[in-house]
4 protein chains.
Amino acid sequence: MQATLQATTEILEERGFAALTIEEVANRAGVGKATVYRWWSSKGTLAFDAFGARFLERHPLPDTGSLEGDLLAALRSWITVVDGTTTGRVLTGLLAEVQRDPELADEWRQRFVGVVRTQQMIMIERAIARSEISADCDSNVVLDLLYGPAYHRLLHSHLPLTDEFARHVVDIIVRGLTVGDVGTHEELS
Amino acid sequence: MQATLQATTEILEERGFAALTIEEVANRAGVGKATVYRWWSSKGTLAFDAFGARFLERHPLPDTGSLEGDLLAALRSWITVVDGTTTGRVLTGLLAEVQRDPELADEWRQRFVGVVRTQQMIMIERAIARSEISADCDSNVVLDLLYGPAYHRLLHSHLPLTDEFARHVVDIIVRGLTVGDVGTHEELS
Amino acid sequence: MQATLQATTEILEERGFAALTIEEVANRAGVGKATVYRWWSSKGTLAFDAFGARFLERHPLPDTGSLEGDLLAALRSWITVVDGTTTGRVLTGLLAEVQRDPELADEWRQRFVGVVRTQQMIMIERAIARSEISADCDSNVVLDLLYGPAYHRLLHSHLPLTDEFARHVVDIIVRGLTVGDVGTHEELS
Amino acid sequence: MQATLQATTEILEERGFAALTIEEVANRAGVGKATVYRWWSSKGTLAFDAFGARFLERHPLPDTGSLEGDLLAALRSWITVVDGTTTGRVLTGLLAEVQRDPELADEWRQRFVGVVRTQQMIMIERAIARSEISADCDSNVVLDLLYGPAYHRLLHSHLPLTDEFARHVVDIIVRGLTVGDVGTHEELS
DNA sequence: GCGTAACCGAGACGGTACGTCCCGTCTTGAT
DNA sequence: ATCAAGACGGGACGTACCGTCTCGGTTACGC
């Protein structure tokens, strides 16, 4: 079980998610295929477990004292972990797999997206506590605005994940959140 | 060739990208497998061609006269085309495939991402022309901020693509872009 | 152990020897696989034990007073037990298994073939005692001539095990054995 | 296809039918497993084809001029081909397989048993033509009496296939057939 | 009457082969 | 001459059992 995850990690780092094969994992781990299937229902869940915690460890919650500082630190940290790294390729591979396996999608939402967002949400809550932003700000939308563009570039690779990009993104979000106590979007149709 | 695309479209709509096989396409189209390979190098490019133009047709460039109106119209249109539809599932399937096939990734960037963004960029340019926003605004970042969160929710399905979501996203972006000329948020702290 | 044999018998009767697995026997008997292996070294020996005595009980030694009567009664009894019955299918299944498992082959010879033949041999000995046939007649060959053709038809199923078949076989054997003392067939040519 | 049969023959000769594996055949022949399955529906039919003609070639129809001579020559030839040889072990392996695979059983009857018997029947017909034996003699029973005991010893291996055995068997059969123009088995109940 | 050992069910384990599905390439026969 | 039809070598799939091996829980025995 440990050996299986170890073998999985190795293959993921050597050749990426697409080349991951239950057969090879079993061989490398010196384990029967049936044993792998007994513990993981698909190569998606296996890869997810091998990938798992590692990501969260490497992408901790920042605490700089200001919303802008936090968001920027978080985004920079994410980019560092993900851009041009094995982790990044595994992440995109997993995200791809999630699109074709609904069962994995559940796991993904609960054990990855949920965990990351619950943690990162604290940044927004702290900003509200500090009265930097309005209390009725939708923190989910803020997180989507922060990470959405980053995933967008990672997945489409139409443009690089530069530090400038990070600064721009954070800048616009923070301005958008902190400017207006007057006027709401409800005016829009 | 027409029959091949037709068959591809049918399968995509019936059972999604993951269930698409060249073998079945050829059988359904009454065409030899070799003939399919002669025209498309992978099932990714085939699906892309079958999916292709349809998306652009259904997601036209809006022109409401204001940046906020344009962005909101664009995002709403995207959500309509993609949320809970076959098109949406094909889009996520293709995006997944793009992660594992670098050759397809090139095609994707050039023939999909590039085309959409070139078109949508016009919204930003018009806003600059109208002096709604600063001329040195990075229009690429704006598009990432607009579509990134949407793709984010589509791919992770952690939260629904509601109209409220669209309004919030656009509201924050527009505020973030338009406030800047009167000062910076640092003053608020 | 009783339960194991019971379960084995059930499976043999329901689905035949080929479908017999230790795994299912253990499950049905509510017994651990290891326990089955503790008592039987292979599914061959297990099936043999479950099949075992039953055959001999159902195929007793006849005593009609004449060689011809005995042989015919024996052959008819064998056919009745074996033709179109579950017992017959188990017998052929076991005989098949014996071909691939030399260890089982030993058991088979000692505990089945040996027992049956020792018993049936008595028919020949009685015929010799009655002076129906010569004392230097090879009783082993006689038994092979009696049961060989029967097994032949059972295993190849090229022709049915009719009563006419039994009568012909016995007739030829008996004639072949009893004519000898008055001369040889060469005189007839 | 030729390579497949070649590989099959090799494995059969090296390690016997029980050790025959489609997987290994495919590997040795440098052929996809699917290709093997495309031509042979089971390892039984495959082994049968590889075994096939060879047996008939090696076991020709004798023609000595007398029934006794023919039967003895045939039986001796069979014993030579089969006793202690690879061919013999393949034959018993196949016969075992025939017991568990009804589809193979059909093939076996039509393409092996049928062919051999049709050929060997000629011996009996010639004896009838020569008036050695009665015309209403059941030639099927004669063949069963000739080969039945031989298969019996081969499969149960309770006794060796000696030449003495062959002579005894043939002797009894021939006497049984040629003695009596008087008295018929119908007298029996 | 209470430890303690033997037993045994349950089933996980490392393996092997199964038969199937597609892959992308190559051959063939009919139009 | 083109192309549908589909055979081909290949590789991974997920499953079924093999025979071995821990695990606990339950008896039943000796103290």
Side-chain angles (χ1 to χ4, degrees), chain A residues 1-4 7 11 18-44 46, chain B residues 1 3-4 7 11 18-46 100-101 103, chain C residues 1 3-4 7 11 18-46 101, chain D residues 1-4 7 11 18-44 46:
Chain A
M1 215 184 94
Q2 210 59 20
T4 307
I11 299 170
L20 186 69
T21 281
I22 300 276
E23 201 124 19
E24 191 184 352
V25 169
N27 284 345
R28 260 207 220 201
V31 139
K33 273 203 299 180
T35 303
V36 179
Y37 282 108
R38 195 172 298 121
W39 292 88
W40 295 275
S41 61
S42 65
K43 71 174 186 166
L46 172 58
Chain B
M1 211 181 94
T4 306
I11 298 169
L20 185 70
T21 64
I22 300 278
E23 202 121 17
E24 191 182 353
V25 169
N27 283 344
R28 251 202 227 208
V31 140
K33 281 206 298 180
T35 307
V36 178
Y37 281 107
R38 199 167 300 127
W39 293 87
W40 295 276
S41 62
S42 67
K43 74 171 184 166
T45 55
L46 172 59
R100 44 185 81 200
D101 179 351
E103 206 171 318
Chain C
M1 209 182 98
T4 306
I11 298 170
L20 185 69
T21 64
I22 300 278
E23 201 121 18
E24 190 184 354
V25 168
N27 283 344
R28 252 202 228 208
V31 140
K33 281 203 300 179
T35 305
V36 179
Y37 281 108
R38 198 168 299 129
W39 294 86
W40 295 275
S41 63
S42 67
K43 74 171 185 167
T45 55
L46 172 59
D101 180 350
Chain D
M1 213 182 94
Q2 208 60 20
T4 306
I11 298 171
L20 186 68
T21 281
I22 299 276
E23 201 124 18
E24 191 184 351
V25 169
N27 284 344
R28 260 207 221 201
V31 139
K33 273 205 298 180
T35 302
V36 179
Y37 281 107
R38 194 172 299 123
W39 292 88
W40 296 276
S41 61
S42 65
K43 72 174 187 166
L46 172 58

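So that the names make sense, note that chain A is the first sequence line, chain B the second, and so on, each numbered from 1.
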[X], nearest nucleotide to its side chain (from [options]):
X	options	value
Tyr37(C)	dC3(F), dG14(E), dC18(F)	dC18(F)
Thr21(A)	dA16(F), dG24(E), dA12(F)	dA12(F)
Thr35(D)	dC8(F), dC23(E), dA12(E)	dC8(F)
Glu23(A)	dC23(E), dC17(F), dC13(F)	dC13(F)
Ala34(D)	dC23(E), dC21(E), dG14(F)	dC21(E)

query = Which residue lies toward the 5' end of DNA chain F, Glu24(A) or Gly30(D), if each is placed at its nearest nucleotide?
reply =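 Final value for this comparison: Gly30(D).
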task = Return the 5'-most residue of the pair Asn27(D), Ile22(C) with respect to DNA chain F, ranking by each residue's nearest nucleotide.
result = Asn27(D)
query = Between atom OG1 of Thr21(D) and atom CD1 of Ile11(D), what is the distance when rounded to the nearest 0.5 Å?
reply =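 Separation between the atoms: 7.5 Å.
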Distance in angstrom units between [X] [atom1] and [N] [atom2], rounded:
X	N	atom1	atom2	answer
Leu20(B)	dC22(E)	CG	C1'	12 Å
Arg28(C)	dG9(E)	CZ	P	17 Å
Arg38(C)	dA10(E)	CZ	P	14 Å

inquiry  = Closest-nucleotide mapping onto DNA chain E: is Trp39(A) or Ser42(B) further toward the 5' terminus? I mean the 5' end.
reply    =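 Nearest-nucleotide comparison on DNA chain E picks Trp39(A).
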query = Is any side-chain N or O of Lys33(D) under 3.5 Å from a base N or O of dG11(F), one able to act as donor and the other as acceptor?
reply = no
task = Please report the shortest heavy-atom distance between Ser41(B) and Glu103(B), naming the atom on each side.
result = OG-OE2, 3.8 Å
